[in-house]
Number of protein chains: 2
Amino acid sequence: MAATKDPRPCSIADALALVGEKYSLLVLREACLGNGRFDQLVRNIGAPRDILATRLRRLVDAGILTKRAYSERPQRFEYRPTQAGLELEPVLLTLMAWGDRHLRRDEGRPMVIEHSCGNELLPVVTCQACGAGVHHDDLTAHPQIPGWSVTGPTAA
Amino acid sequence: MAATKDPRPCSIADALALVGEKYSLLVLREACLGNGRFDQLVRNIGAPRDILATRLRRLVDAGILTKRAYSERPQRFEYRPTQAGLELEPVLLTLMAWGDRHLRRDEGRPMVIEHSCGNELLPVVTCQACGAGVHHDDLTAHPQIPGWSVTGPTAA
DNA sequence: AGGGAAGGGTTTGTTTTTCCAACCCATGGA
DNA sequence: TCCATGGGTTGGAAAAACAAACCCTTCCCT
């Protein structure tokens, strides 16, 4: 049996250990928008400068951002998303859509994303195999690790 | 021009203000899995009990979870996702897939999700209008709020 | 040459959160 | 009766966030 004090092994938890700290995903948002300079990040995110510096180091170490000079003399830097960082963008888009739907029922949206197809982007999470939109009731969880079963309606 | 100290208005930031605190999304994960009892949450998440109690209050207040009794005498409670909570599940799935890809290249995955189509779920974020998978280069951001423009390759 | 200002941070000291362990209370079972 | 279970609350110590000030280099203006 699992020892009485370690949590469920989980990629969500692991991902959040990297990008789940306060401001981290907002840093990634700005980097994806092309606003990767330190003072832009400070202004657009509203985070304390020291915390931001800490987050940037972590995200660079994790391979989610890179720090590149956009000017030598004077040295000036810019943070850009790596491939791994760009692959987190769908998480941001999905979260943004959720916020638009549930937190802004009557206000306008602060940002609209246009897809290259010409329409406004409404992100939908689909099953790669069948293409259908994903809904809770269509899912069955299969824990791969002994001792970490699941009890509810999503159970294996 | 915007005052020198308020951040960009953003649904991602607003959503994270609700579910971005440490453990909140893991609570939702367990609730979605059907493990919504206090001691299950403590064990499966590994969070301090007092923090968990705080998070649960916040998530219930935010309308993401509901607290329902599964037994009177003795009173025993269970937290279940609301509709709004279920609609956050795609965020979790997308994050899990990212973690599986980037944080576990060589280990096995801790959990596999089966879709009702019979295949293993690989979540893909698509454009509702055209059905295509979403990639960074296909997106153009249109800020709706004067003063919050965007500079980079995703610019409007 | 002197005096900013911009950019990218670091330092210092204070306020919040987290964390851990212990405790509490009601019911139920041995 | 005594202990276990479930669902928390409490108190004190440790860690993190915060705000404001500071630092350093290079450019620009006069």
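All chains are named by letter (A, B, ...) in the order of the sequence lines, taking the proteins before the strands, and each is independently numbered beginning at 1. Given the structure is predicted, the values throughout are model-derived calculations rather than measurements.
- Taking the centre and axis of the six-membered ring of A/Y70, the NZ or CZ atom of A/R37 falls inside the cone set by 45° and 6.0 Å.
- For B/R49 against D/dG8, a side-chain N or O and a base N or O form a donor-acceptor pair under 3.5 Å.
- Here the side chains of B/I45 and B/E30 are in contact, with some heavy-atom distance below 4.5 Å.
- You'll find that the side chain of A/Y70 is closest to C/dG8, out of C/dG8, C/dG9, D/dT9.
- Nearest to the side chain of B/R76, among C/dT18, C/dT27, D/dT5, sits D/dT5.
- Look at CG on B/L56: it is 14 Å from C1' on D/dG6, rounded to the nearest Å.
- Scanning atom types as modelled, no donor and acceptor separated by under 3.5 angstrom connect the side chain of A/D50 and the base of D/dA17.
- Residue contacts shown for A/F77 are limited to sugar-phosphate atoms, with no base heavy atom under 4.0 Å away.
- The side chain of B/R57 contributes an N or O atom lying less than 4.0 Å from OP1 or OP2 of D/dT9.
- No donor-acceptor contact under 3.5 angstrom links the side chains of B/R109 and A/S11, judged on distance only.
- Taking only side-chain nitrogens and oxygens, A/K22 comes nearer than 4.0 Å to OP1 or OP2 of D/dC18.
- Between A/K67 and C/dG9 there is a side-chain polar atom (N or O) within less than 4.0 angstrom of OP1 or OP2.
- Both the sub-6.0 Å distance and the 45° axial angle are not jointly satisfied by A/K67 relative to the ring of A/Y79.
- Here D/dT9 presents its C1' atom at 10 Å from CZ of B/F38, a figure rounded to the nearest Å.
- What separates CZ of A/R37 from P of C/dG9 is a distance of 13 Å, to the nearest Å.
- Applying the 4.0 Å criterion to OP1 and OP2 of C/dT27, one finds that B/R73 has a side-chain N or O inside that range.
- Contact annotation for A/D39: backbone-only contact, meaning every heavy-atom pair under 4.0 Å involves sugar-phosphate atoms and none involves a base.
- Atom CD of A/Q40 is separated from atom P of C/dG7 by 9 Å (rounded to the nearest Å).
- To the nearest angstrom, C1' of C/dA6 lies 15 Å from CD of A/Q75.
- Rounded to whole Å, atom P of D/dA17 lies 10 Å from atom CZ of A/R58.
- Side chains of A/H115 and A/E120: no donor on one and acceptor on the other come within 3.5 Å.
- A close approach under 4.0 Å does not occur between any side-chain nitrogen or oxygen of B/Y79 and OP1 or OP2 of D/dG6.
- Rounded to whole Å, the distance from CD1 on B/I51 to P on D/dA15 is 15 Å.
- When side chains are defined from C-beta on, B/E89 does not count as touching B/E87, because their heavy atoms never get closer than 4.5 Å.
- Per the geometry, CG belonging to B/D6 stands 13 Å off P belonging to D/dA19, to the nearest Å.
- For the pair A/Y23 and A/E72, nearest-nucleotide mapping onto DNA chain D gives the more 5' position to A/Y23.
- Phosphate proximity of C/dG9 to A/R55: absent, as no side-chain N or O sits under 4.0 Å from OP1 or OP2.
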